[in-house]
Structures are given as structure tokens and as C-alpha cells.
Amino acid sequence: MIDTHAHLTSLDDPDEAIARAAGAGVTRILTVGTSVEDGRRALALAERHDGVHAILGIHPHEAGTATADDLSALRELHAHPKAVAVGETGLDWFRDYAPRDDQRRLFAAELELAAELGKPVVIHTRAANEDTLADLLGFTGTVVLHCFSSPHLLPTALERGWYVSFAGNATFPKAVELRLAATEVPAGRILAETDSPYLAPQPVRGRPNEPANIVHTVAALAQARREEPEELAAQIERNAAACFGL
Ligand SMILES: [Zn+2]
């Protein structure tokens, strides 16, 4: 199995979490670096572990302090063979940790970088769906909607062939609409992620999350889609391989 989005560098002991994941059959993990500094740590983990690859970007929360130097350092990190995607990037009007103009400028720069490198872009959008969609209009590369939580974005996502990645919140009892959305995603476009250490799925909800827990999310998605968990897990691995060039 694969966990397509984890923040291993935010876990207490990433190496142990990677070992526990392997014990649960989760042999591949995409870890996300959210700044240049964090990206270096993500790549160090990817170098130590065959099954770990890195998604490298500057998070919208960091947009207020990101400089042109940071962007060129990010571009340099992307020369690493285990750097497979740009992100997470996008717009967050919910937390508003960074000024909106700065977020939009950074998002545009990261989309440009992904286009230049020919790598997929991993999108974070929160309370900013319309603006995120508008900014993505001109982007023709591969798109992953990370931690998909807005069912009304689904028609656009499917029409444009984007990958839709479900996280632990899709397992929560009240997330009926989200699971319904999961039934509408074609086999070739569905992904699953933990977003560790956040958003632990049922039945481990409320605890720090880790990649081994992807099994719970895949099981819930499979149940909604009336598929066997093993089949869906294999499908997700194939999708991730195609999307991220693993
Ligand atoms: Zn994330």
C-alpha cells in the first residue's frame, strides 16, 4: 500500500513510523516538505528509505515570508531524483496565516515551477475553492487535490482529469457526502493519504496520525465503493505510480 501524503518530518520518530507502516503493508510513503528547510529533511528521509519519496513546496501558510531565494532553493531541491511533485501549494482563506496577495503570488510561482519541471502539483485549498480553481485554470499539468473535502469541486476535478486524494476525514461517521463523492471518482483517479500527523481516521481518530493508518481510510473508501480493500489499495498504488512517476 501507499500513503500519498504524509508529513513524516512532523512525527516524533519518522524512522519508527516508517517501520510500523511497513509492518502494516504500507511500503511506500510520499512525504511533504512545506518549506525549504523542511524539504531538506524530507529528502534526507527519502535518501535513507527506498520506499519514501518527497513532495516539495512552500506551504501557503509560509507565503508571507517566502522570498525569491526560497523559490530558487526549492527549484534546486527538485533536482533530487526522489523529488516527485511540487506542493503542497494553493490558497488557505480559512487560517489566513499569510496575506492573500502573497499566497496567490506564491501559488502562481509554484504552478510555474511544476510546469517547468513537468511534475504534478499537489493542491491545498481551504475556504478558497473558487479562487484556487481560477488560479488553476491556466495549468495544464497533472493536479492532485490533497485532503479532498469539498464534494462540490468534484465535477470540475473529474472534467479536468485531476487526481482526488481522500484523507482520514472521509472515514468520520458524519462524512457521508465525502464518501458519496468517493464513489463517483473513476478508478484511475482516486488516491488515499493520511496527512500524518493530522486527521487520524476512525478508529484511531484523535490520536497523532501515521502512515500505517492508511489501511483504515482505504477500508472505508472501499466499503463506500463496494470494492475489496485489497483491490482498491492496488488500484491506488497504480494511480500513484502513474501520477508521480514512481
Ligand atoms: Zn499536508
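For ligands, and for the atoms within them, numbers begin at 1 and follow the listed sequence. Please read all numbers here as calculations on a predicted model, not as lab measurements.
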Trainee: Quick check: does any side chain N or O of D3 sit under 3.5 Å from a backbone N or O of I29, one acting as donor and the other as acceptor?
Mentor: no
Trainee: Sequence neighbours excluded and cut-off under 3.5 Å, please list the side-chain donor-acceptor pairs for residues 106-115, or say none.
Mentor:
{"unit_1": "E110", "atom_1": "OE1", "unit_2": "I58", "atom_2": "N", "d": "2.8"}
{"unit_1": "E110", "atom_1": "OE2", "unit_2": "T89", "atom_2": "OG1", "d": "2.9"}

Trainee: What are the protein N/O/S atoms, named by residue and atom, that sit under 2.8 Å from the Zn ion (ligand 1)?
Mentor: H5 NE2, H7 NE2, E88 OE2, D195 OD1
Trainee: Is any side-chain N of the basic residue among E47 and K82 closer than 4.0 Å to the acidic one's carboxylate O?
Mentor: no
Trainee: Give a yes or no on whether a salt bridge exists between R100 and D96, defined as a side-chain N under 4.0 angstrom from a carboxylate O.
Mentor: yes
Trainee: Do the non-hydrogen side-chain atoms of N209 and P201 ever get within less than 4.5 Å of each other?
Mentor: yes
Trainee: Just checking H59 against Y97, ring centres under 6.0 Å apart?
Mentor: no
